[in-house]
Amino acid sequence: MNQAIRKWIEENHQPWRSSPELSIHRGPIGSDRALPLNSAVFTYFQQQGVPIEGRLLEDLLESELLEVFVTISSWLTPEDRQALEENVAFGAALTREPNACAMPCLDGYAILFDYSFDTLMISATDLYHALLKSPQAVDANEFPLALNTAILSVFFRRAAYTTPIPDDFVHRELTNRDIWLISVFLLGHEVGHVMQSHFVDAPTRFGAFPSHPGATTVAILQPAHEMEFEADQYSIDLMFQGEGKGGLIRPDAGSKAFWNGAYSTLGWLFSTLGAMEALARRLDFDIGDTHPPALERWQRIAELIRNRASIDPSTIKVEEMMRENASRSAEFGNLPALHEETEAEYVALPYSALMADLMLDMRDGGQPEWVPPSLRGVR
């Protein structure tokens with residue numbers, strides 16, 4: 001990655017680097033000021049062989065994003081890898097963007113991924129497996145409110161979070177794998193914009209970045225809808241290249257099983273995006289996204305995958321069923337109690353309702369109106 005742009009990201013959109021107390025975790029892990037972490041966090045990073053005491057949570061999360069980028073880069077031609085090295089840097093930040101955003105920077109582009117979107121997909125994917133897999137942790141009657149609560153609390157910041165998912169959720173490893181694959185797709189999409197020169201003549205719009213303290217407004221590049229479709233196709237093509245070059249499919253997983261799983265996972269990604277769109281309309285809330293409708297994007301992506309991989313009819317049927325579940329939940333399902341949007345104490349992390357009861361506002365010693373989440377199931 002372009003190191004000058006990378007430094008610009010750190011200085012302008014990652015305030016925790018200069019002031020650790022501005023971390024979404026409020027301080028280094030294990031410090032007196034930091035919010036408590038669930039034991040599942042320590043277990044996860046222990047399994048990865050990554051020490052976490054004294055480190056900032058942002059650094060741990062972002063390092064995983066950048067590792068995915070390294071994997072994707074290995075699938076590119078040497079010429080394309082060099083182009084990325086010269087013109088682009090990736091990073092994570094608190095934004096109000098539904099997934100990723102790009103902005104002109106120096107002689108290239110800074111591409112930022114939103115922490116809250118990652119959190120939303122972890123929460124939604126937990127619910128996906130909790131409904132479909134045995135033992136079932138969520139039934140059909142609970143699902144609509146649970147999904148709406150995840151979206152309205154984590155992304156829209158309009159509700160307190162509750163969840164039927166237990167802390168010892170037995171399907172969390174499936175969620176971890178799915179979130180990794182979603183990260184591969186989203187990073188590949190942004191690489192596609194760069195490789196196809198979509199940013200060169202793209203107009204800009206304004207996006208909000210609620211960093212601690214306060215919020216800033218920045219100019220964000222806005223490719224045309226057709227360019228978004230092209231970037232989706234580039235990402236899918238890149239994933240098929242990854243199948244041959246290595247790093248995409250685990251050695252113990254066959255190609256057919258992988259692509260059936262990928263079809264379901266990416267279908268659920270766009271089902272969740274579609275639910276976000278529906279809830280935004282329902283609440284008359286402007287999410288600031290200028291991508292094509294999620295359903296249109298998924299229909300094209302689904303066809304691309306089915307044209308190159310053997311997708312079982314049962315997989316297609318389940319994907320359609322869960323898309324309908326997400327759509328009906330967002331359009332007609334029960335909503336949690338809503339409050340005014342909260343910025344100051346928002347913490348963009350996947351979390352446990354049990355841990356929320358332990359949390360106090362570290363700044364004034366009282367209970368915040370917005371109950372900040374704790375990290376429960378990082379990828």
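None of these values were measured; they are calculated from a predicted model. Side chains included, hydrogens not; waters and symmetry mates left out as well; all remaining heavy atoms used.
The residues R306 and E319 are annotated as not salt-bridged, no charged nitrogen and carboxylate oxygen being separated by less than 4.0 angstrom. The pair R6-E10 meets the salt-bridge criterion, with a side-chain N (NZ, NE, NH1 or NH2) lying under 4.0 Å from an Asp/Glu carboxylate O. E173 and K133 are not joined by a salt bridge, as no carboxylate oxygen comes within less than 4.0 angstrom of a charged side-chain nitrogen. We find that R297 and E226 are not joined by a salt bridge, their nearest charged nitrogen and carboxylate oxygen being 4.0 Å or further apart. Salt bridge present: D126 and R172 bring a charged side-chain N and a carboxylate O closer than 4.0 Å. Ion pairing of R308 with D237 is present here, as a side-chain N (NZ or NE/NH1/NH2) and a carboxylate O approach within less than 4.0 Å. Between K256 and D312, at least one side-chain nitrogen of the basic residue sits less than 4.0 Å from a carboxylate oxygen of the acidic one, meeting the salt-bridge criterion.
Here the options are T119, T125, D118, L120, the test is side chain to side chain contact (heavy atoms under 4.5 Å, CB included), and the partner is I122; only D118 passes.
The shortest side-chain heavy-atom distance between I236 and L266 falls under the 4.5 Å cut-off. Two residues are said to be in side-chain contact when any heavy atoms from C-beta on lie closer than 4.5 Å; F117 and V154 fail this criterion.
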### Message
Please determine whether side-chain contact (heavy atoms from CB on, under 4.5 Å) holds for the pair V218 and N12, giving the CA-CA distance in whole Å, both sets of side-chain angles, and the decisive distance to 0.1 Å.
### Response
CA-CA 11 Å; V218 299; N12 289 275; over 6 Å; no
### Query
Which is it for M103 and L221 under the side-chain contact (heavy atoms from CB on, under 4.5 Å) test, yes or no, and what are the steps along the way?
CA-CA 5 Å; M103 59 195 71; L221 292 166; 5.6 Å; no
### Criterion side-chain contact (heavy atoms from CB on, under 4.5 Å) on W268 and L132, from CA distance to verdict
CA-CA 12 Å; W268 184 239; L132 288 179; over 6 Å; no
### Message
For Q14 and E62: C-alpha separation, side-chain torsions, deciding distance, then whether side chain to side chain donor-acceptor pair (under 3.5 Å) applies.
### Response
CA-CA 11 Å; Q14 297 182 340; E62 188 180 52; 2.6 Å; yes
### Query
Which is it for H171 and H129 under the side chain to side chain donor-acceptor pair (under 3.5 Å) test, yes or no, and what are the steps along the way?
CA-CA 7 Å; H171 304 305; H129 292 302; over 6 Å; no
### Task
For side-chain contact (heavy atoms from CB on, under 4.5 Å), just list the numbers for L273 and L295, CA-CA rounded to whole Å, side-chain angles, deciding distance to a tenth of an Å, and then say yes or no.
CA-CA 9 Å; L273 290 174; L295 178 58; over 6 Å; no
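A donor-acceptor contact shorter than 3.5 Å links the side chain of N2 to the backbone of E86. With S74 contributing its side chain and T71 its backbone, the two residues share a donor-acceptor pair below 3.5 Å. The backbone N or O of A330 lies less than 3.5 Å from a partner atom in the side chain of R282, making a donor-acceptor pair. The backbone N or O of P292 lies less than 3.5 Å from no partner atom in the side chain of E228, so there is not a single donor-acceptor pair. With hydrogens and angles ignored, the 3.5 Å screen pairs no side-chain donor or acceptor of S235 with any backbone N or O of D232. Judged purely by atom type and a 3.5 angstrom limit, T315 has no side-chain atom pairing as donor or acceptor with the backbone of I311. A donor-acceptor pair under 3.5 Å is absent between the side-chain atoms of S31 and the main chain of G27, judged by distance alone. N334 places no side-chain N or O within 3.5 Å of a backbone atom of N148 that could act as its donor or acceptor partner. Panel note: side chain E142, backbone D139; a donor-acceptor pair is recorded below 3.5 Å. Not a single donor-acceptor pair under 3.5 Å links the side chain of S19 to the backbone N or O of E21.
Atom CD of E331 is surrounded by more than 12 heavy atoms from other residues, nucleotides or ligands within 6.0 Å. By the 6.0 Å contact criterion, CD on E53 is enclosed, its count of non-hydrogen atoms from other residues, nucleotides or ligands being greater than 12. Annotation for D107: atom CG does not count as buried by contact number, only 12 or fewer foreign heavy atoms lying within 6.0 Å. Within a 6.0 Å sphere centred on CZ of R328, heavy atoms belonging to other residues, nucleotides or ligands number 12 at most. No more than 12 heavy atoms of other residues, nucleotides or ligands lie within 6.0 Å of NZ in K7, so this atom counts as exposed by the packing criterion.
The line from CD1 of I72 to CD of E67 is 12.5 Å long, rounded to the nearest 0.5 Å. Interatomic distance, F270 CZ to E277 CD, rounded to the nearest 0.5 Å: 10.0 Å. With values rounded to the nearest 0.5 angstrom, L84 atom CG is found 12.0 Å from E79 atom CD. The structure places CD of E85 at 12.0 Å from CG of L76, a figure rounded to the nearest 0.5 Å. Within the model, atoms CD1 of I151 and OG1 of T272 stand 6.0 Å from one another, a figure rounded to the nearest 0.5 Å. One finds the CG atom of L335 at 8.0 Å from the OG1 atom of T149 (value rounded to the nearest 0.5 Å).
If you look at F156 and F285, their ring centroids are closer than 6.0 Å. Checked against a 6.0 Å centroid threshold, the rings of Y263 and W298 count as neighbours.
Using a 30° and 60° split on the angle between ring planes, W259 and F240 fall in the parallel class, below 30°. Ring-plane geometry between H189 and F185 is classed as tilted, the angle between the planes lying from 30 to 60 degrees on a 0 to 90 degree scale.
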